[in-house]
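Scroll down for the structure; my scribbles are underneath it.
All chains are named by letter (A, B, ...) in the order of the sequence lines, taking the proteins before the strands, and each is independently numbered beginning at 1.
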Amino acid sequence: MQATRAKYDQLIQDLGRDLRPQREWGEGRGIFMVIGHFVVGVASGTWLFALLFDSRAGLALAFALAGLGGIAHLAYLGRPERFWKMVVHVRTSWISRGFVGLSLFLAGALLYLVPLFVPAAPWGTGSVAAGVGHAMAIVGMLVLMGYMGFVYTASKAIPFWNSPLHPALYIVYALRGGIAALLLTVALGARSSASVGELLLLWAGVTAVVIVFFLLEIHGAMTSGNAAARRSVHDLFAGRLAIYFYVGTLALGLIVPAWLMWAGLSDPLSLSAIAALALASALGDFFMKYSIIRAGVYLPVWTRLAPQR
Amino acid sequence: MNDVTAPTNLAPARDDAWIATSCALCYSSCSILAHRVDGTVVKIEGNPDSVVGKGRLCGKGVSGIMSHYDPNRLKVPLRRTNPKKGLDEDPGWKEISWEEALGEIATEFGRVRAEDPRKLLIQRTTTVTAGRNPLYAFGNAFGTPNYSTAGGGLHCGNGAHLISGIMHASWSVTPDFEYCNYAVYFGASKGHGAGHAATANMKLAADARARGMKLVVVDPMSNFASAKATEWVPLRVGTDGALALALCHVLVNELKIYDAPYLQAKTNAPYLIGPDKRYVRDAVTKKPLVWDAAANAARPYSEANSADMALEGDFAVDGVSCQPAFHKLKEHLRKFTPEWAEGITTVPAANIRRIAGEFGREARIGSTIMVEGVNLPYRPVAAVAFRGAQGHMNSLYNFYAIDLLNELVGASDVVGGCLGFNPACDGFPETGRPHYVPKPDADGLMITGMWMGYHYPYPVGEPRMPQNAGLQDLFTMGMTSPFLDSDDQEALWTQFELPYRPEAMLNFGANLLMSIANKESVARSLAKYKFMVSIDIFETETTRFADIVLPDCSYLQTLDSRSNFPFIFSLPGGMGEWCWPIRQPVLPPEGEQRRFQDVLLELADRIGFRADMNAAFNASLNLAPEQRLQGDRRYTWEEICDAELKTYFGAQRGLEWFKEHGLIKWPKKPEEVYWRPFVDVRVPIYWEFLVPLADKIDAITAPRGLKVPRQYYEPMPDHLPCVSHCCTTPGFDLYAFYYRDTLHTNSYTMENPWLDEAAQLDPYSYTIAINTNTGRGKGLHDGALIWVETETGRKVQGRVKLTQGIHPEGLGIGACAGHWGDGMPVAKGKGVFFNELLELDYNHVSPINLNLDLCARVKVTPVQVRQ
Amino acid sequence: MGVRWDAVVSGSRFWAQPEGADAPAPAAGMDAPVSVQVFLFGTLAKATADRPITLALHHPFRIADVMAELGRRYGGEFLSLIAAPNGVKLNHCRVYVNGEPATDPARPIQCGRSSAQIEIILLTAVEGG
Amino acid sequence: MRRGMVIDLKRCIGCYACQLSCKAEHGTPPGVFYARVLKKEEGQYPSVRQLFLPVLCNHCEEPPCVDACPTGASFKCEDGIVDIDPEKCVGCRACMMACPYSNRYYNDGPQHYFAQGATVYEQVRGARHQTDVVMKCNFCRDRVRAGRDPACVENCPTVARHFGDLDDPTSEVSRLIKERSGFPLHPEAGTKPSVYYLPP
């Protein structure tokens, strides 16, 4: 009741503003939506790298994360009991596509993983079922990597998100998350065909791409001429979200892992340091998404009140 | 019906009805349709059949449903258990039965009536126009002359109503929207959400705007009317009169634009004025003389041809040198140059000259137009003032000076000009009722044909030792009086030997603590009443001072046979139709709510003055002989309403007919709307009668230590500063004033959650508007919490809204906000309680019409938030 | 353009009083004694415990005569409630003769019978809003 | 047929009657505004002007909200009206992020206005509203179907709002747009709104 009231008061205040922040995604129960997006993104990256580097633990982790992501999404929905209806509008809706992707992934991954972990399963690793599952999971994984960015790009209300770069950014985030997750499994002693050094190198490379894409996006927002996008950038760097950005994204997600990695260049990292690096990277990604989502500011309704000639 | 084979009503018929009735969210009383389904009102819409609102409603009107169903409404009679009364005193309400409540009131009021009926004050809200008659009938029958109407005249029109009455025979003025081409508003928002006939005028003003009417809005703040104006003319708060005088000067002395034939025929401009500032009168007939240029002699005004009456020149009559009033006025205006006015108003002299020129030329003096086959004078300009301009010490002259603009160019009650609201009515064709039209007094000056009270604005009453607690019978230009609540009331009553003291109050819906001035002063006056009864729908801040509280019905539960009459009040002006709607119950009372009209009738019986009450209704409703209430017979409120409706619309159109039809209407005729050319009355451009009035008042007050300030009683208008203009204390650099917010004007709607929600979304409703540059200079920003403080230390707190749309010296606050009582929890704490800044004593009211000054000189300081 | 304001409308009888409204009372019944019952209401009723009071006047009488008689009986203070110092009936003092409003106190009453009922009451003087 | 609205900003006085008559028509809960009025000022003292902008769902010809909706709860009717089927809405709010006009509201705030609970009016009028779904203006579909104009149009005290068929070049709305250079909000968003404004 109190929370409902507070949210209402906030809305009334917001409606009076020219540049009004979006609060549906990211605040209150909206945090589950960010968690969902984050976790599902990491899941898809993890699945990819786990396949590439032959990590059973990575596959299992990816599946678990995707499942968690699904639950987080449900926790976010206003009417979770109707979730299955989201399959309907796959023709135009990226959310719908994401839902289908996640369903495919979960179902496929299950089919693929069960024989891998349960030898007594009714179907084997080389069975058609596992093969189909494998294919479904890959398709699902690709959708999961891509759809989220498009959800944001399609958000015409939020100029900051509404950039063609957003899908690419989300894809590289998924990759970065996947590498981090794989590093974590390695740190925890799981097997993988990739060495820590290779993974770290990959991590560094993807991180570099993330930084470039992110800077490009910020540059785009600043030069778009849109006041809402500029306000978003301001909120991110110098406003209500700066703390998340600097502490969460920059310190935790970049400086800490980079420092650890730099330290690793001279002395091989301890397993706990690798785990710390992976976790910091992942948390940084979470805060990145969190702060970008929350930095969304609605397009002002006012336009020139005269015919545009 | 009698078909025995028909199945019995297994399911009761579904109740689904649209009921034609009247709104009461403000005094405009628009006609509505209430949609009732299964005993619940599910929608209120405007009644498209009606002229009052024209089928459309303002935000308040459509939201009325939430006021009606407010769970905070009173539902049972309450009696106070705490004998102490004060702002911090809890009344300790105890629920009592109606029998107990009425018994106690009858006893107390009976005692007062036996001792001296004048000890009873009847106080009512302006919001419910139809509350007038039953309450006043009660008071008239009871025998008290003491009435007050909310903040009434103090906060709306001791000046506006008085002068609209003297000059336009109506309660208020409006541009003739259908034909006007150039209107100048001074502190008015007619057609922009407030004022009389508010909703109907919104459409009329929009039509005029679309048609191309130019609107110049003179106002310290650019909000409602200014937003839609062709030009906003910001000026220093309270100096409207100075600007108007300069405009008059430019017209008369620089441009020489004036309508001489109008002045000759329809004003006292040709009346000869002697050195004593009085009319030179005919020795025999005592009629004012004019100079008949044809006869080259002075003759009584009634005996010369208007065209021959001299407007200028020096004459001698029986050795007395004299000049026509217009000559005097013209000379008087010379000192009000635009350059002089610029210094006072801050309006650039060049703009003053330009506006005067535009106004004068657009007046098209000498032109005519055909309206429905009748040829009429055409003067498509109007100068219209209301609360803002005349809410000052200089209330009277401000409004007078502004109206002179209309009079000088002959734009009074003619096509396109400044119209009174329906000053003349030829009656419903079948009955000839109601019939009223202005008429001349012995001096040829206009007496209004219809008024909201029975003490007409002109001729001015004879001052006497006061019998009225408000002293309006001493200060006879006064209407609603501040002295009913002021700090110095006891001193004044003693000084002027009021033979009694008010002891009992019957309050109907007024929230005096919020609608007069600072709450401490009003609280002190309220606490003095030995016995106070409050009839209300909410427990307001004022109700908490009552001894007994009676729960009233809302407008959806009550009956009024004249929800919008008199027509001079809130029927749209201009051509169109006459319209008489009623208010009828749509829902039953809830809990123990009772209609106040029934309560009053019951009290009259219990106290024992039913015959007087019947006589009072007969007189105040002007009932036809065959409909009059007889002797001391008990009539229900329905019967009284029925009698009134039959009086005006014939025996076949009683209450039942009106309940079915909701209203009756018939077309207006050009001779009614544009009555002035047809009626032989004059209006004063020279207020000669103020001169003897000052003498008479002074004869009473001077021996008792109060000298009448003669500058307020001069026969021609002047600029007289407000108290706020005279403040020189450093730091007090802003003029605080209030304005009427569309969402809340004239109502109790701060408690309505829909309107409250809208007001919260509005940038201004609940904030303190300060000019952006001024504010920045003080280090203020939007949303900053500030104190606004007067020299006397009265202060209010609120949040700043910086705006380019306010005079750099102005500080604007939406009126009537800032409730603090728990009885209206939605309203509590919303907005800023402006009136707290207002002093309430003789020194802060106009010494001629008792209008309280609405502005205060203030300083602002940031509120130090304790960490 | 150039039309005199007061010349635009001329000869209209729209608001003219109907013919004969101000005609003097017929001579018939002159000086006949008439008994007048006066009902005082509201404040005015405080003047006397009687209601009605009966006045003996002569036909045709005027409201001014009634007012003068009442003034004689109940004193100057009473008179000041219903008339201005110059003797003119106050506007908020309302007088009805056999149910018909009597607006002009100087006009002879056409009661048409040997008795008349006169009701007098004070209405509200002031108003705001 | 494409139903559309024209709002004449010259006539509009920012009185909020549209916002409130809409409340009355639909009984929407606190914080849900199918219609709303925005205010701002333009210019510098003393050449300043207050501007009013009444807003509502634009019922776009190419509604991005409908595209973004995963369940088909948001849909476009044959007559151009865009509406929401509350039974289908899962409350994902993607439509709110897709609408460039911010005219969609998520109903998870207080469900009644008074602390004491819903009034009988709110119980009757607001009963149809589901919680935890997105809500918005539907051009008063029920009224329009019954041959009446939307509540805000019929009630507007200044007659600033007009309703009609944008596909019919002879309709009042088409004529007003043409004669008075009507314009939509954010044409650059490519949504082709059905609500046009006439310049102030």
Top contributor to chain D interface from B:Gly193, B:Pro763, B:Pro825 [non-hydrogen pairs under 4.5 Å]: B:Pro763

Under 4.5 Å from a heavy atom of chain D, the part of B:Asp70 involved: both

So which of B:Val37, B:Thr40, B:Asp38 has the biggest tally of heavy-atom pairs under 4.5 Å with chain D? B:Thr40

Would you kindly say whether B:Glu757 and D:Tyr113 are connected by a side-chain donor-acceptor distance under 3.5 Å? yes

Salt bridge check, B:Lys801 against B:Asp782: does any charged N sit closer than 4.0 Å to a carboxylate O? yes

Atom group of B:Val42 that falls short of 4.5 Å from chain D, counting heavy atoms: both

Contact class of B:Ser226 relative to chain D, heavy atoms under 4.5 angstrom: neither

What part of B:Thr199 lies closer than 4.5 angstrom to a heavy atom of chain D: side chain, backbone, both or neither? both

Atom SG in B:Cys30, atom NZ in B:Lys60: separation rounded to 0.5 Å? 9.0 Å

Within residues 129-146 of chain D, which residues come under 4.5 Å of chain B, heavy atom to heavy atom? D:Arg143

Most contacts with chain D, counted as non-hydrogen pairs under 4.5 angstrom, among B:Ala200, B:Pro71, B:Ala227: B:Pro71

To the nearest 0.5 Å, what is the distance between NE2 on D:His26 and OG on D:Ser21? 8.5 Å

In terms of heavy-atom pairs under 4.5 Å with chain D, the winner among B:Ser63, B:Gly64, B:Ala758 is B:Ala758

Could you tell me which portion of B:Ile806 (side chain, backbone, both or neither) has an atom closer than 4.5 angstrom to a non-hydrogen atom of chain D? backbone

Side chain, backbone, both or neither of D:Gln44 within contact of chain B (heavy atoms, under 4.5 Å): both

So, the part of D:Arg11 with a heavy atom under 4.5 Å from chain B: the answer is both

What I want to find out is whether D:Glu62 reaches D:Lys192 closely enough, with some N-O distance under 4.0 Å, to be called a salt bridge. yes

Separation between CG (D:Asn103) and OH (D:Tyr34), nearest 0.5 Å, reads 12.0 Å

Tell me yes or no: between the side chains of B:Tyr764 and D:Gln50, is some donor less than 3.5 Å from an acceptor? yes

Heaviest contributor of heavy-atom pairs below 4.5 Å to chain B, chosen from D:Glu25, D:Glu122, D:Arg49, is D:Glu25

Proximal to chain B - members of residues 151-160 of chain D, heavy-atom separation under 4.5 Å: D:Ala151, D:Val153, D:Glu154, D:Asn155, D:Cys156, D:Pro157, D:Thr158, D:Val159

We want to know whether B:Asp741 and B:Ser765 form a side-chain donor-acceptor pair, criterion being a heavy-atom distance below 3.5 angstrom. yes

Inspect the contact between D:Asp165 and D:Arg3 and indicate whether a charged nitrogen and a carboxylate oxygen are less than 4.0 angstrom apart. no

Is it the backbone or the side chain of B:Leu743 that comes under 4.5 Å from a heavy atom of chain D, or both, or neither? side chain

Ring geometry between B:Trp232 and D:Tyr45 (parallel below 30°, tilted from 30 to 60°, perpendicular above 60°): perpendicular

Given that the side chain runs from C-beta out, which part of B:His807 has a heavy atom under 4.5 Å from chain D: side chain, backbone, both or neither? both

Please rank B:Asp762, B:Leu204, B:Ile65, B:Leu761 by heavy-atom pairs under 4.5 Å with chain D and give me the top one. B:Asp762

Which atoms of B:Asp756 come close to chain D, meaning under 4.5 Å heavy atom to heavy atom: side chain ones, backbone ones, both, or neither? neither

Any side-chain heavy-atom pair of B:Thr230 and B:Met213 under 4.5 Å: no

Classify the side-chain pair B:Glu231/B:Asn351 by whether it contains a donor and acceptor separated by less than 3.5 Å. no

SB check D:Glu61 D:Arg2 (cutoff 4.0 Å): yes

State the CG-CD distance between D:Leu38 and D:Gln19, to the nearest 0.5 angstrom. 9.0 Å

Any carboxylate oxygen within less than 4.0 angstrom of a Lys/Arg side-chain nitrogen, looking at B:Asp822 and B:Lys828? yes

Taking salt bridge (Lys or Arg N to Asp or Glu O under 4.0 Å) as the criterion, tell me which of B:Lys203, B:Arg211, B:Arg209 meets it with B:Asp207. B:Lys203

Side-chain touch D:Tyr16/D:Arg36, heavy atoms, less than 4.5 angstrom: no

Charged tip of D:Lys23 within 45° of D:Phe33 ring normal and under 6.0 Å: yes

Members of residues 43-55 of chain B whose heavy atoms come closer than 4.5 Å to chain D: B:Lys43, B:Glu45, B:Gly55

Sort out for me which of D:Thr119, D:Val48, D:Asp8 touches chain B most, counting heavy-atom pairs under 4.5 Å. D:Val48

Which residue pairs satisfy the salt bridge (charged side-chain N to carboxylate O under 4.0 Å, His left out) criterion with at least one member in residues 166-177 of chain D, sequence neighbours excluded? D:Arg175-D:Glu179

Check each atom of B:Glu751 against the heavy atoms of chain D and say whether the ones under 4.5 Å are side chain, backbone, both or neither. both

Could you look at B:Ser222 and say if it's the side chain, the backbone, both or neither that has a heavy atom under 4.5 Å from chain D? both

Separation between CG of B:Leu74 and OG of B:Ser554, rounded to the nearest 0.5 Å: 12.5 Å

Classify the angle between the aromatic ring planes of B:His192 and B:Tyr185 as parallel (below 30°), tilted (30 to 60°) or perpendicular (above 60°). perpendicular

Side-chain H-bond candidate by donor/acceptor type, D:Thr191 with D:Tyr101, under 3.5 Å: yes

